[in-house]
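The structure appears below as structure tokens.
The figures that follow rest on heavy atoms only: side chains count, while hydrogens, waters and symmetry mates do not. The model shown is predicted, which means the values in this text are computed figures rather than measured ones.
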Amino acid sequence: MESTPVDFSVKVDQKILVNAYRLMLTAKTMADVYEENKAICSKYVHSTSRGHEAIQLATACHLTPRDFLSVYYRDESILLGLGMQPYELMLQLMAKRDDPFSGGRTYYGHPSLRREGFPVIPHQSSATGMQAIPATGMAHAISYLESQGLEDVEEGRVALCSLGDGSVTEGEVAEAFQMAVLKKLPIIYLVQDNDWGISATGSEMRAMDAYEYAAGFKGMERLRVDGADFVDSFLGMEEAFRIARTERRPVLVHAKCPLLGHHTSGVRREWYRGDNLSQHSLLDPLPKLGNLLLELGMTEGELEQLVQEVQEDVQAQYEQALAAENPDPATFNLHEFAPTPVTEEKGNRNPYGAEKTTMVDAALHAVDDILKQYPEALFYGQDVGGELGGVFREAALLAKKYGDNRVFNTPIQEAYIVGSTAGMSAVGAKPIVEIQFADYIWPGINQLVEELSKSCYLSMGKFPIQSLIRVPIGAYGGGGPYHSGSIESTLLNIRGIKVVFPSNAADMKGLMKAAFLDPNPVVMLEHKGLYWSKVPGTEDAKTIEPDADYILPLGKANVVQQAHEDELRNGNSVTVITYGMGVYWAKAASKQLPGSVEIVDLRTLNPLDWETVIASVYRHGKVLVLTEEPLMNSFAESLAGRISKECFQKLDAPVFTLGAENLPAIPLNVELEKMMLPNADKVLAALTELLEY
């Protein structure tokens with residue numbers, strides 16, 4: 001006996017169905033208008049949701065203003081379903097001034113929104129998989145804040161991350177999935193599968209679809225829905241949200257969809273789709289929903305009336321957007337950074353009766369102070385939790401003191417460690433994270449560049465990312481090629497992040513506090529050779545420990561040693577511009593040139609205290625820029641070039657530079673290491689030559 005088909009439509013209110021049909025028509029009409037006006041619209045690379053409307057609108061029906069949303073570049077129907085108008089999306093399409101997301105700075109379908117009545121939609125990149133990590137960071141922050149009683153678990157807030165199926169092959173997606181199941185996070189991964197990348201088919205790109213792949217992540221609930229059927233999508237997403245909201249665990253929804261438009265406007269479908277396009281057209285969700293409405297009693301005339309109304313409305317909004325103002329070119333440089341509240345030195349740097357401390361302990365005490373004062377702060381990374389408290393003991397006992405929800409170990413996932421902070425920050429958690437060695441930061445660079453560094457600028461200041469990233473750096477005698485490297489020049493080529501490099505315990509503590517309070521991404525480079533002052537000549541890295549209220553603003557250099565006035569008057573003085581270990585090489589070398597050497601410790605490499613640098617150069621007329629990095633194409637050479645150009649009239653000699661030899665890695669053998677790196681003797685030789693010039 002054949003079973004009677006179940007009429008799922010009765011489970012979805014007809015008003016919802018009619019509204020979904022109207023919005024599907026809106027999305028289709030927008031795509032048609034863009035195509036009809038491709039001479040204008042195709043100047044701006046864009047993608048549409050044609051074929052994906054059903055699953056996207058069904059998803060929007062279940063999102064609430066208390067949720068967090070990470071969309072991908074094809075998700076315009078989600079935005080329409082949330083209540084955004086075609087006009088607003090068209091403003092972004094044509095890079096207009098009043099684009100509500102970025103003020104004309106970023107592509108169509110790349111939203112960033114803080115608006116009453118809408119889910120929070122943080123900025124993200126082009127979303128080809130890498131968005132899974134910040135989105136999981138959002139869910140991680142929700143879970144953390146709930147664990148601390150800072151948010152009510154009964155509210156059932158969730159994060160939703162939308163992805164194309166091809167992007168699930170990204171390694172960063174695996175990192176996100178791993179953390180989602182490990183921490184039992186309230187997140188829904190919506191995977192829209194249309195069997196295409198750009199011109200590559202699914203069978204070319206993957207051995208399994210996302211639903212099959214997710215089976216390997218124990219604890220991930222999996223659902224399949226017909227992404228071209230609104231009712232099936234609505235009911236499937238209803239169950240996904242129920243699980244995430246009430247059971248507080250991750251869900252993956254795999255939605256099969258047709259691709260009815262171009263991949264993007266720059267890749268025309270007629271170039272490669274062939275018969276595939278007509279096959280996909282048979283699955284168009286729009287007529288499918290229209291037929292259902294006819295079955296439920298609507299008339300052809302009523303549907304046609306909707307078509308007419310939508311076409312007139314979309315055309316009018318297109319013309320309005322086309323006539324809208326362009327951005328004022330003078331605003332091009334606004335919002336690189338959000339303003340920091342820390343602008344002056346505060347607290348007691350030298351408390352009466354305090355003892356000297358090492359840099360590593362000053363860092364530990366700074367983080368301890370932060371965790372004590374700010375319940376929204378948490379600290380995570382490789383080996384920083386549990387018994388060890390970091391391979392350098394820089395987090396010793398913090399996990400025992402504050403609990404495993406606040407201080408915890410992560411897998412070996414540098415991308416997640418860095419990228420999750422973007423999601424954490426959007427939700428209101430304040431993460432401190434650690435990369436175990438600078439040499440291993442490279443898997444996290446994608447997140448640092450694409451997600452963290454661009455967010456404030458491209459969101460017009462709506463989503464600065466508060467992220468403090470601690471990175472042990474530098475050579476300390478026999479560390480070898482993977483534990484001794486310097487990376488500051490690479491970091492300084494990433495705009496939109498700040499880079500700090502303290503050289504002593506007092507600076508470490510004050511800068512750590514300022515970096516935490518800064519609303520922007522800050523990378524704190526912490527020299528391993530200075531941590532304990534065990535390297536000969538680094539005894540001055542131990543200082544009196546400042547009090548708990550001490551804060552030292554970023555971007556303020558320090559003249560740690562001044563030349564004598566008589567040597568200066570005699571033209572026998574030089575300034576060394578340096579940071580980190582360079583401070584101590586310069587101090588040791590200067591003992592052989594008493595009174596002749598001024599030393600400027602930059603402390604912060606971005607923002608750079610150019611005023612202090614230029615004042616020192618003007619005083620002496622001779623300058624050595626000293627770094628531990630290989631010299632060629634380094635930050636030091638860049639700074640030397642700037643000094644040469646802007647201080648040319650005040651120079652009495654060429655600007656000298658000194659750094660490590662231009663080799664790809666630091667060798668393990670200590671004698672070979674010494675040959676490669678600068679040291680006091682090499683600095684002395686350079687200073688002597690410069691003074692005699």
Side-chain angles (χ1 to χ4, degrees), residues 342-350 359 488 499-511 514 525 527 530 537-544 546 550-628 635-636 639-640 642-643 646-647 650-653 655-658 678 680 683-684 686-687 690-691:
V342 180
T343 57
E344 58 185 51
E345 190 171 2
K346 294 182 179 179
N348 192 341
R349 186 178 174 97
N350 295 291
M359 278 184 65
E488 56 266 29
V499 181
V500 181
F501 204 138
S503 68
N504 61 70
D507 288 351
M508 172 73 87
K509 190 169 187 179
L511 291 168
L525 300 177
H527 201 293
L530 302 178
T538 64
E539 294 79 13
D540 286 350
K542 291 178 68 174
T543 68
I544 296 294
Y550 182 64
I551 299 178
L552 180 62
L554 307 188
K556 302 292 185 183
N558 185 31
V559 179
V560 298
Q561 178 175 296
Q562 294 182 333
H564 293 168
E565 285 296 325
D566 53 349
E567 298 294 343
L568 196 153
R569 283 193 299 270
N570 292 331
N572 191 39
S573 68
V574 62
T575 182
V576 180
I577 312 298
T578 189
Y579 54 94
M581 188 64 81
V583 172
Y584 300 97
W585 293 327
K587 280 187 173 184
S590 69
K591 291 177 180 178
Q592 306 303 313
L593 302 166
S596 292
V597 181
E598 180 164 297
I599 303 172
V600 177
D601 180 0
L602 293 175
R603 300 198 290 201
T604 302
L605 308 185
N606 186 34
L608 179 71
D609 186 354
W610 177 243
E611 290 183 0
T612 297
V613 170
I614 198 171
S616 186
V617 173
Y618 278 19
R619 268 197 303 276
H620 302 284
K622 295 181 177 180
V623 56
L624 168 67
V625 182
L626 173 61
T627 180
E628 185 172 326
F635 162 70
L639 180 56
R642 183 177 175 188
I643 292 169
E646 298 194 28
C647 304
K650 297 290 185 177
L651 291 173
D652 297 322
V655 178
F656 278 31
T657 55
L658 179 64
V683 173
L684 176 60
L687 291 175
L690 186 53
L691 285 167

Which value, rounded to the nearest 0.5 Å, describes the distance between [X] atom [atom1] and [Y] atom [atom2]?
X      : Y      : atom1 : atom2 : answer
Leu511 : Tyr550 : CG    : OH    : 7.5 Å
Leu687 : Phe656 : CG    : CZ    : 9.5 Å
Ile577 : Leu626 : CD1   : CG    : 10.5 Å
Ile643 : Lys650 : CD1   : NZ    : 15.5 Å
Leu624 : Ile599 : CG    : CD1   : 10.0 Å
Leu651 : Tyr618 : CG    : OH    : 9.0 Å

| said: Other residues, nucleotides and ligands only: do more than 12 of their heavy atoms fall within 6.0 Å of NZ on Lys556? | reply: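 Result for NZ/Lys556: open.
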| request: Return yes when atom CD of Glu611 has more than 12 non-hydrogen atoms of other residues, nucleotides or ligands closer than 6.0 Å, and no otherwise. | output: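 For Glu611, atom CD is not crowded (no more than 12 foreign heavy atoms under 6.0 Å).
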Of all the heavy-atom pairs spanning [X] and [Y], show the shortest one and how long it is.
X      : Y      : value
Thr657 : Ala636 : CG2-O, 4.3 Å
Pro546 : Lys509 : O-NZ, 3.1 Å
Cys647 : Ile614 : SG-CG1, 3.6 Å
Gln561 : Ser590 : NE2-OG, 3.0 Å
Gly555 : Thr604 : N-OG1, 3.1 Å
Ala589 : Ala680 : CB-O, 3.5 Å

| query | Has the side chain of Asn504 got a donor or acceptor atom that lies under 3.5 Å from a matching backbone atom of Ala506? | reply |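 Yes, because the side chain of Asn504 sits within donor-acceptor range (under 3.5 Å) of the backbone of Ala506.
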| message | Would the distance check show the side chain of Lys622 and the main-chain N or O of Leu690 forming a donor-acceptor pair, the cut-off being under 3.5 Å? | response |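 Confirmed, Lys622 side chain pairs with Leu690 backbone.
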| field | salt bridge (Lys or Arg N to Asp or Glu O under 4.0 Å) involving Asp507 - partner list, sequence neighbours excluded | value |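 Partners of Asp507 by the salt bridge (Lys or Arg N to Asp or Glu O under 4.0 Å) criterion, ordered by chain and then number, come out as Arg349, Arg603.
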| request: With sequence neighbours left out, write down each residue that passes salt bridge (Lys or Arg N to Asp or Glu O under 4.0 Å) with Glu539, or none if nothing qualifies. | output: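 None.
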Who passes side-chain contact (heavy atoms from CB on, under 4.5 Å) against [X], sequence neighbours left out?
X      : answer
Ala505 : Thr357, Met359, Ala362, Thr543
Ala514 : Val342, Ile551, Leu554
Ser596 : Glu567, Asn572, Leu593, Leu691

| task | Report yes or no: do Thr627 and Tyr579 form a side-chain donor-acceptor pair below 3.5 Å? | result |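 Side chains of Thr627 and Tyr579: pair found under 3.5 Å.
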| said: My understanding is that only residues two or more places apart in sequence, or in another chain, count here; which of them pass ring-ring contact (aromatic ring centres under 6.0 Å, His included) with Tyr584? | reply: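 Here no residue qualifies.
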| request: Report yes if the side chains of Leu639 and Leu602 come closer than 4.5 Å at any heavy-atom pair, otherwise no. | output: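 Yes. Closest side-chain heavy atoms under 4.5 Å.
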| said: Do Leu552 and Glu345 make a side-chain contact, defined as non-hydrogen atoms from C-beta onward lying under 4.5 Å apart? | reply: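 Yes, side chains in contact.
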| request: Under the side chain to side chain contact (heavy atoms under 4.5 Å, CB included) rule, what do Lys591 and Leu684 come out as? Steps first, then yes or no, please. | output: CA-CA 9 Å; Lys591 291 177 180 178; Leu684 176 60; over 6 Å; no
| Test log, rule salt bridge (charged side-chain N to carboxylate O under 4.0 Å, His left out), inputs Arg619 and Glu598 | CA-CA 10 Å; Arg619 268 197 303 276; Glu598 180 164 297; 2.4 Å; yes
